[in-house]
Number of protein chains: 2
Amino acid sequence: MPYDPSAFPPFAVTVDLVVLTVRRHALCALAVRRGEPPFQGRWALPGGFVRDDEDLSQAAARELAEETGLRAYGPAAPDQDNGAHLEQLATYGDPKRDPRMRVVSVAHLALAPDLPAPRAGGDASNARWAPVEELLQQGGYGRDGEPVAPLAFDHAQILADGVERARSKIEYSSLATAFCPAEFTVGELRRVYEAVWGVALDPRNFHRKVTGTPGFLVPTGGTTTRQGGRPAQLFRAGGATLLNPPMLRPEV
Amino acid sequence: MPYDPSAFPPFAVTVDLVVLTVRRHALCALAVRRGEPPFQGRWALPGGFVRDDEDLSQAAARELAEETGLRAYGPAAPDQDNGAHLEQLATYGDPKRDPRMRVVSVAHLALAPDLPAPRAGGDASNARWAPVEELLQQGGYGRDGEPVAPLAFDHAQILADGVERARSKIEYSSLATAFCPAEFTVGELRRVYEAVWGVALDPRNFHRKVTGTPGFLVPTGGTTTRQGGRPAQLFRAGGATLLNPPMLRPEV
DNA sequence: AGTGTTTATCGTCAGGAAGACGACTATGAT
DNA sequence: ATCATAGTCGTCTTCCTGACGATAAACACT
């Protein structure tokens with residue numbers, strides 16, 4: 001049976017990326033400045049059209065590489081240097097979300113360690129890491145005194161959903177290690193939790209919890225003193241992906 | 001700036017539904033028989049094209065009503081009689097998932113109480129509730145001796161993802177009540193958990209847990225004896241949506 | 001009426017995990 | 001030498017769970 005193009009309305013399909021990292025004790029997201037209407041000059045999440053022969057996850061990985069140079073590792077691939085965790089987040093398809101045409105956007109969530117300098121088309125002024133509270137706040141002024149405009153399209157909602165996903169997922173999975181470099185200390189991992197949740201955690205109980213969970217951390221044998229104070233043991237992420245029992249997020 | 005249709009490839013966008021219920025102590029999903037190629041005669045998940053002026057959740061709710069007569073209540077709407085919980089599950093967009101054309105499907109998950117007789121276009125033989133293990137098993141024969149063919153398209157994967165979402169979500173949310181009628185007993189709720197997880201739970205510990213979690217259940221004052229044995233208190237779902245601490249799923 | 005069966009509900013006890021927090025260790029800075 | 005900083009090991013109490021005994025209230029038999 002030949003297919004009848006008039007039987008369904010045509011859609012444009014895009015992927016948008018919520019790329020999160022932890023910088024200077026704050027959860028930050030990658031934002032790019034729009035060069036063309038609509039929302040010209042406003043900040044938005046990176047993203048682009050899905051190509052004709054691409055799977056959704058491929059398109060997301062391609063966009064991630066284009067914007068950050070990060071390679072994606074999915075649920076099956078092992079942790080790699082200079083790699084980022086990538087997973088599908090949710091899909092947004094309000095008929096009016098793009099004034100030009102009917103666009104359905106499959107949002108993805110990427111978690112990356114700190115370091116990679118933003119590069120969007122080689123122009124650094126058009127991409128930046130910004131604290132998520134700054135990107136999500138409505139109106140007012142940012143830390144640099146620049147007036148804050150809301151993100152383009154429905155990207156504030158997408159970012160909020162991505163942040164919430166990350167916050168809840170580090171409770172019951174070892175995903176927080178995706179924010180850390182290949183080797184890291186217990187203290188660095190704790191500061192990731194503190195930045196993502198916005199709370200302070202007891203260093204002693206945290207240490208007991210993460211070192212006592214089998215498969216979460218494997219010691220590399222080395223130590224480091226890069227944080228000052230007593231040298232700390234170095235670990236890398238273990239094979240475990242699910243934490244049981246989970247890490248408990250303190251109330252309020 | 002006028003939009004350029006040649007700048008992006010056109011997609012068809014559909015919604016597919018994983019509709020789950022508990023019947024006869026088994027987790028069952030709604031399946032419909034395909035009346036046309038491809039996969040003519042095979043079982044598939046209900047679904048259809050998203051219309052030009054519809055949001056994704058609207059399209060999913062419409063399809064759900066068409067197939068089952070169930071009204072959907074989302075995250076914000078209160079529990080209703082003859083209503084079903086509906087949430088977005090994930091999006092599937094492999095370029096080859098539909099041999100006819102490029103189709104991106106936004107799968108949704110619906111949880112409904114038992115009872116509604118399937119009706120797909122008024123023909124009962126083209127829709128049925130089937131245990132999820134039966135729909136997911138590869139080859140072999142079903143309980144009725146009929147040979148089992150795999151679900152059409154990638155619907156086995158979608159169903160598996162939906163079942164896994166349901167199994168994990170009743171751990172930390174009060175969503176299991178979506179499988180129950182408006183008023184239900186602790187025993188009925190326990191049998192929901194047992195059917196979804198495929199395990200046996202201790203009735204005494206389960207009773208202590210659910211009645212001890214604030215906001216999970218509110219007694220209606222009535223009692224019932226429809227399960228035989230001593231009359232049981234009737235409850236309805238309370239306002240709480242998140243269970244803290246969660247209900248623990250027994251190992252293995 | 002009595003007995004058994006079924007389901008519901010209450011109670012007890014031991015073990016594990018988490019929060020609070022004291023104490024000690026090993027580095028760099030002053 | 002002293003202090004500040006960060007890491008690591010223990011202790012104690014409290015809460016939650018799993019295992020399981022015991023009682024309660026219905027129905028189905030004989």
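Computed from a prediction, not measured in an experiment: that's the story for all the values here. Below, chains carry the letters A, B, ... as their sequence lines are ordered, and counting in each starts from 1.
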- Message: If you assign B:G229 and B:Q233 each to the DNA chain C nucleotide with the nearest heavy atom, which residue ends up on the more 5' nucleotide?
- Response: B:G229
- Are any of B:R190's side-chain N or O atoms less than 4.0 Å away from OP1 or OP2 of C:dA8? yes
- Over how many whole Å does the gap from A:F235 atom CZ to D:dG7 atom P extend? 11 Å
- Message: So if I take every side-chain heavy atom of A:P231 and compare against C:dT27, C:dC21, C:dT9, which nucleotide ends up nearest?
- Response: C:dT27
- Flag for B:D161-B:Y92: side-chain donor and acceptor within less than 3.5 Å: yes
- Could you tell me the separation between the CG atom of A:L201 and the CD atom of A:E194, rounded to the nearest 0.5 Å? 5.0 Å
- Item | Phosphate-side-chain proximity, B:K209 and D:dC16, N/O vs OP1/OP2 below 4.0 Å | no
- Note on the structure: Assert: residue with more 5' nearest nucleotide on DNA chain D, out of A:Q227 and A:N205, is A:Q227
- Task: Find the distance B:L234:CG to C:dT9:C1' and express it as a whole number of Å.
- Result: 15 Å
- Message: Whether B:K169 and B:E164 form a salt bridge (side-chain N of Lys/Arg under 4.0 Å from carboxylate O of Asp/Glu) is what I want to check.
- Response: no
- What about A:R230, does its side chain sit under 3.5 Å from the base of D:dA6 through a donor-acceptor pair? no
- Query: Rounded to whole angstrom units, what separation is found between the CZ atom of A:R191 and the C1' atom of D:dA6?
  - Reply: 8 Å
- Query: To the nearest 0.5 Å, how far apart are CE in B:M247 and OG in B:S173?
  - Reply: 10.0 Å
- Query: Does B:R208 make a side-chain donor-acceptor contact with the base of D:dG18, cut-off 3.5 Å?
  - Reply: yes
- Task: Could you state the atom-to-atom distance from CG of B:L189 to C1' of C:dT9 in whole Å?
- Result: 16 Å
- Between A:H85 and A:E87, do the side chains contain an N or O donor and an N or O acceptor separated by less than 3.5 Å? yes
- In whole angstrom, give the distance that lies between atom CG of A:L248 and atom P of C:dA20. 12 Å
- Task: Figure out the CG/P separation between A:D202 and D:dT11, and round it to whole Å.
- Result: 17 Å
- Message: Tell me the interatomic distance from B:F206, atom CZ, to C:dG11, atom P, rounded to whole angstroms.
- Response: 19 Å
- Message: For C:dT9 and B:H207 - does any side-chain N or O of the residue sit under 4.0 Å from the phosphate oxygens OP1/OP2?
- Response: yes
- Message: Suppose we call a contact any N or O donor and acceptor under 3.5 Å apart; does that hold for the side chain of A:R204 and the base of D:dG10?
- Response: no
- Would you mind reading off the distance between A:E194 atom CD and D:dG7 atom P, rounded to a whole angstrom? 10 Å
